[in-house]
Amino acid sequence: MVTISCSKCRNVPELPEVETVVRSIARIVGRRIVSAEFTCARILRGDPDQMSAMLAGRRIRAIRRRGKFIVIELDAGHCLVVHLGMTGKLLLGGTPGRHTHAIVNLDRGVLRYEDPRQFGKIEVSRGLPARVEKLGPEPLEITLAEFAARLKGRKARIKSVLLDQHFVGGVGNIYADEALFRAGIHPLAIGARLRLERVKRLHHAIVEVLTQAIEKGGSSISDYVDAEGRRGFFQFEHRVYQRTGEPCVNCGAPIRRTLVAQRGTHYCAKCQRR
DNA sequence: ATCGGTACCTGCACGC
DNA sequence: TGCGTGCAGGTACCGA
């Protein structure tokens, strides 16, 4: 039996989900921001009135993703930067609800931010914010040589390293588990000690799993939808994540769960070696 | 610089 | 039925 939903363990927007959102709002490029309202201080970096003033009248020049950040480029080098946190949604149109914390009125349409858990962040900046600048390389762009070189100095467990946004930007809990399974590497293995052959498999697995997930529109366990409210389908391809106790797709051994870096970590003890 | 731990927050399933 | 409790995990931040 395949578990496709578990409300206890809702998914989180990682690179493929953020990429899907970015693509789904791409059509607002060229539109102008008329006004913006922010109603929840917790999710803001900056003063709401000042942010509104910086946005009003600006035209949207481009929308792109950097790690798990959504970067909406405006004229004069200004950026509207959104991080979805755990439960954030960026939606086009629709009716504002209890968890709507930001409304950006465009010359045509409305961009709306919702976030029940308020772990997301919105900011307006000149150029890229420092925390976005400091992100590690994009996992879909980093070369094997650079990936291996960066891993050399890391004495932490490989799962922790993958979750570190300064190592690569965009991998989160789901895709770290899935990539490690596909590479046959135990999540507790020490990053720097991995032989080149295994590093190569990991690099390949990360690219493969992220690319496939983007093709499927991301993973939807419970919360995640794109700007149109569409769910993704990659959850059907999960081989270890949230499959605790179920048989490994390779060997039939039960999938195990442990904690690494305080995060639920799913793996096959038989197929993934330290 | 790197590492491990903690705080933040809400909605749920669960058990009594 | 109803309420308290535990759990999920993004980033930021802390001390070592």
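Below, chain A is the first sequence line, B the second, and so on; all start at residue 1. These numbers were taken from a predicted model, which means no experiment stands behind them.
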Provide, to the nearest angstrom, the distance between the CG atom belonging to A:Leu84 and the P atom belonging to C:dA8.
22 Å
With a cut-off of less than 4.0 Å, is there a side-chain N or O of A:Arg150 near OP1 or OP2 of B:dT2?
no
Name the residue closer to the 5' end of DNA chain B, choosing between A:His99 and A:Arg157 according to the nucleotide with the nearest heavy atom.
A:Arg157
Between A:Phe167 (CZ) and B:dC3 (P), how many Å, whole number?
10 Å
Between B:dC8 atom P and A:Asp115 atom CG, what is the distance in whole Å?
17 Å
So that I can tick it off, tell me whether A:Glu123 and A:Arg131 are bridged by a salt bridge, with the cut-off set at under 4.0 angstrom between side-chain N and carboxylate O.
yes
With a 4.5 Å limit on heavy-atom distance, are the side chains of A:Val171 and A:Val168 in contact?
yes
Between C:dG6 atom P and A:Leu259 atom CG, what is the distance in whole Å?
15 Å
Please state how far atom CG in A:Leu163 lies from atom C1' in C:dA12, giving the value in whole angstrom units.
15 Å
In whole Å, I'd like the distance from the CG atom of A:Asp164 to the P atom of C:dT11.
9 Å
Looking only at side-chain N and O atoms, does A:Gln262 come under 4.0 Å of OP1 or OP2 in B:dT6?
yes
Out of B:dG11, C:dA12, C:dG10, which nucleotide sits closest to the side chain of A:Arg45?
C:dA12
I need the CG-C1' distance between A:Leu162 and C:dT11, as an integer number of Å.
17 Å
When A:Gln118 and A:Ser160 are each assigned the nearest nucleotide of DNA chain B, the 5'-most assignment goes to A:Ser160
For the residue pair A:Gln165 and A:Lys68, establish whether any side-chain heavy-atom pair is separated by less than 4.5 Å.
yes
What is the nucleic acid contact for A:Arg257, judged by heavy atoms within less than 4.0 Å: base, sugar-phosphate only, or nothing?
sugar-phosphate
Which part of the nucleic acid, if any, lies within contact of A:Gly120, taking any heavy atom under 4.0 Å across all strands shown: a base, the sugar-phosphate backbone alone, or nothing?
nothing
Can the ring centroids of A:Phe147 and A:Phe167 be said to lie less than 6.0 angstrom from one another?
yes
For C:dG10, does the base pair up with any side-chain atom of A:Arg263 as donor and acceptor (N or O, under 3.5 Å, distance only)?
yes
Side-chain N,O (A:His83) to OP1/OP2 (C:dT11) below 4.0 Å:
yes
Nearest to the side chain of A:Met86 - B:dG4, C:dG9, C:dT11?
C:dG9
So, are A:Arg201 and A:Glu197 salt-bridged, with charged N and O less than 4.0 Å apart?
no
Once you round it to whole Å, what is the distance between C1' of C:dC13 and NZ of A:Lys121?
13 Å
Categorize A:His166 for me: base, sugar-phosphate, or nothing, with a 4.0 angstrom heavy-atom threshold over every strand shown.
nothing
A:Asp177 bridged to A:Lys159 by N-O distance under 4.0 Å
yes
Could you tell me whether A:Lys155 contacts a base, only the sugar-phosphate backbone, or nothing, with contacts defined as non-hydrogen atoms closer than 4.0 Å?
sugar-phosphate
Do the side-chain N or O atoms of A:Arg117 get closer than 4.0 angstrom to the phosphate oxygens (OP1, OP2) of B:dC8?
no
Tell me whether the OP1 or OP2 atom of C:dG9 has a side-chain N or O from A:Tyr241 closer than 4.0 Å.
yes
